[in-house]
Each structure stands twice: as C-alpha cells, then as structure tokens.
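Beneath this line is the structure, given in structure tokens, with notes to follow.
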Amino acid sequence: MKEKRTVSINMFGGFSVSCGGTPVVLDYANTTKMIHLLICVLAAGKEGIPRKELISRLYGHDELEDPTVTLRVNAHRLRKYLKTKECFGDADCIKIKAGSYFWDREEQPVVLDTEVFLETAGLALKEMDEDEKIALLIKACHIYQGEFLPELAGKNG
C-alpha cells in the first residue's frame, strides 16, 4: 500500500496547496464553486460544516432548483478532480456524516496553516518561560502570511 503524503494547505494571504514542499497547481480559479467548496470543507476543520451552512456559503441567494443536489454534484466533481492530482492519489477526501461535510484526515492527511497558527499562539499564551514564549510568538508571526482567504473577501460566509 502506498504511503499517504501529508498535504499542506495555506489560507493566510491566499489559498494554496502543496505536497512535500511542491506546489499543487489547481486548474480552477480560487473563486469557482468547486474550489470554494474545497476551501469551506478544509476551513471547517475536523468538525465539518453542516450541509445547510455550506449551501448558504456557496450559493447564497442564487436561484437554484435544488441546492442540495447542486451541492452533491459539485462535491462529486471535486472528489473526481482531486483524484487527478498526484498528491491526493485515489483518496476519497470529502465525506458526509450526520449532514455535515468534512475532510477525512485519515484518508488524506492535511496540515492547515490556520490550525498550526492557533496551536502555536495558544502554546505561547500558556508558556511561562519568557524566551520560549517569545520564540513561539515569533513562530506564529511567521505562519501568518496575510489576511485569511483574501480572494473570498466580500463573499458569503
């Protein structure tokens, strides 16, 4: 069985994906519904995002005959598209459980800069040693590369 490589996701300063330090080129603009779906599912973390909230974020006030079916179709297209990218292999990364969409980290491990930032900043707040606290805060500052998902600023959600 092929070992799964961890995919790195950056959301500060813009959305980007890399695998083993090599950028993964996404053939779609970061504002398309399919990539927006990917971003929403990843940003939701381990808890996932409820279907209703996801529909609201993706389609807002769009006039759709059946938004649930449209979401399902976009999720299917996204799963199929990710399988064309070498670093995702044959992983079925996006799962639906109890009405929420989430990224299956066992199927495809990911590291999100947002989570690393929050973890590092949280450790700094708890640290009693001043030198270690400063080192952790500097590390957090280096992780923060700019506004969270600026390409989606002004969009729903």
Side-chain angles (χ1 to χ4, degrees), residues 4-62 64 67 70-79 81-82 84-85 87-88 91-127 132-157:
K4 296 173 184 162
R5 296 189 291 176
T6 299
V7 174
S8 297
I9 308 292
N10 293 314
M11 295 187 182
F12 286 130
F15 182 73
S16 65
V17 179
S18 62
C19 191
T22 303
V24 176
V25 178
L26 300 176
D27 304 319
Y28 294 88
N30 288 350
T31 54
T32 63
K33 297 293 185 199
M34 190 172 70
I35 299 302
H36 194 175
L37 170 60
L38 173 63
I39 291 169
C40 287
V41 170
L42 287 165
K46 297 172 185 170
E47 299 79 30
I49 182 169
R51 179 182 293 116
K52 192 172 185 177
E53 183 180 340
L54 192 51
I55 288 170
S56 175
R57 285 188 186 195
L58 291 174
Y59 309 114
H61 301 292
D62 292 356
L64 300 173
T70 303
L71 175 59
R72 242 185 325 219
V73 167
N74 275 320
H76 174 75
R77 286 181 182 151
L78 177 57
R79 285 184 194 103
Y81 172 69
L82 290 175
T84 68
K85 298 297 175 185
C87 81
F88 294 104
D92 191 10
C93 311
I94 297 173
K95 303 284 179 155
I96 306 167
K97 184 176 182 181
S100 289
Y101 284 68
F102 68 98
W103 186 271
D104 187 340
R105 291 172 183 232
E106 288 182 21
E107 186 74 26
Q108 177 58 67
V110 292
V111 173
L112 287 94
D113 63 343
T114 53
E115 292 176 350
V116 175
F117 173 82
L118 290 172
E119 181 182 334
T120 304
L123 289 172
L125 292 174
K126 294 175 186 171
E127 182 59 53
E132 185 61 25
K133 181 182 283 247
I134 289 170
L136 287 166
L137 290 170
I138 289 171
K139 181 179 177 185
C141 287
H142 286 292
I143 295 166
Y144 184 80
Q145 295 294 310
E147 183 181 353
F148 177 76
L149 296 171
E151 58 268 86
L152 297 181
K155 294 216 176 250
N156 291 340

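Since this is a predicted model, take the numbers as computed values, not measurements.
Contacts classified as side-chain hydrogen bond (donor to acceptor under 3.5 Å, both in side chains) and involving residues 98-119 (residues at least two apart or in different chains) are given here: Arg105-Glu115.
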> How far apart are the C-alpha atoms of Ile138 and His142, what are their side-chain angles, what is the distance that settles it, and do they pass the side chain to side chain contact (heavy atoms under 4.5 Å, CB included) test?
Replying inline: CA-CA 6 Å; Ile138 289 171; His142 286 292; 3.5 Å; yes
> Hey, mind stepping through Ile39 and Ile9 against side chain to side chain contact (heavy atoms under 4.5 Å, CB included) and telling me if it holds?
Replying inline: CA-CA 9 Å; Ile39 291 169; Ile9 308 292; over 6 Å; no
>> Pair Ile49, Arg57 - check side chain to side chain contact (heavy atoms under 4.5 Å, CB included), show working.
In response: CA-CA 10 Å; Ile49 182 169; Arg57 285 188 186 195; 4.0 Å; yes
>> Between Ile96 and Arg51, is the side chain to side chain contact (heavy atoms under 4.5 Å, CB included) condition met? List the steps.
In response: CA-CA 9 Å; Ile96 306 167; Arg51 179 182 293 116; 3.7 Å; yes
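Note that CG of Asn10 and OG of Ser18 are 6.0 Å apart. Values are rounded to the nearest 0.5 Å. From Arg77, atom CZ reaches atom OG1 of Thr32 across 11.0 Å, with rounding to the nearest 0.5 Å. Annotation: the span from Ile134 atom CD1 to Glu132 atom CD amounts to 10.5 Å, rounded to 0.5 Å. Between atom CD1 of residue Ile55 and atom CG of residue Leu64 there is a gap of 9.0 Å, rounded to the nearest 0.5 Å. How far OG1 of Thr70 is from CG of Leu58: 10.5 Å, rounded to the nearest 0.5 Å.
When all heavy atoms are compared, the tightest approach of Leu112 to Leu42 is CD2-O, 3.4 Å. Residues Val25 and Lys85 approach most closely at O-NZ, 2.8 Å, considering heavy atoms. Between Met34 and Asn74, the shortest heavy-atom distance links the atoms CG-O, 4.2 Å. Heavy atoms only, all atoms of each residue included: Phe88 and Cys93 are closest at CD2-SG, 4.0 Å. Closest non-hydrogen pair, Phe15 versus Leu149, comes out as CB-CD2, 3.9 Å. For the residue pair Leu54 and Leu37, the shortest heavy atom distance occurs at CD2-CD1, 3.5 Å.
Remark: Lys133 NZ is packed, more than 12 non-hydrogen atoms of other residues, nucleotides or ligands lying under 6.0 Å away.
Under a 3.5 Å cut-off, the side chain of Tyr81 and the backbone N or O of Ile35 do not form any donor-acceptor pair. Lys46 places no side-chain N or O within 3.5 Å of a backbone atom of Phe102 that could act as its donor or acceptor partner.
Taking the six-membered ring for Trp and thresholds of 30 and 60 degrees, Tyr144 and Phe117 have ring planes inclined between 30 and 60 degrees apart.
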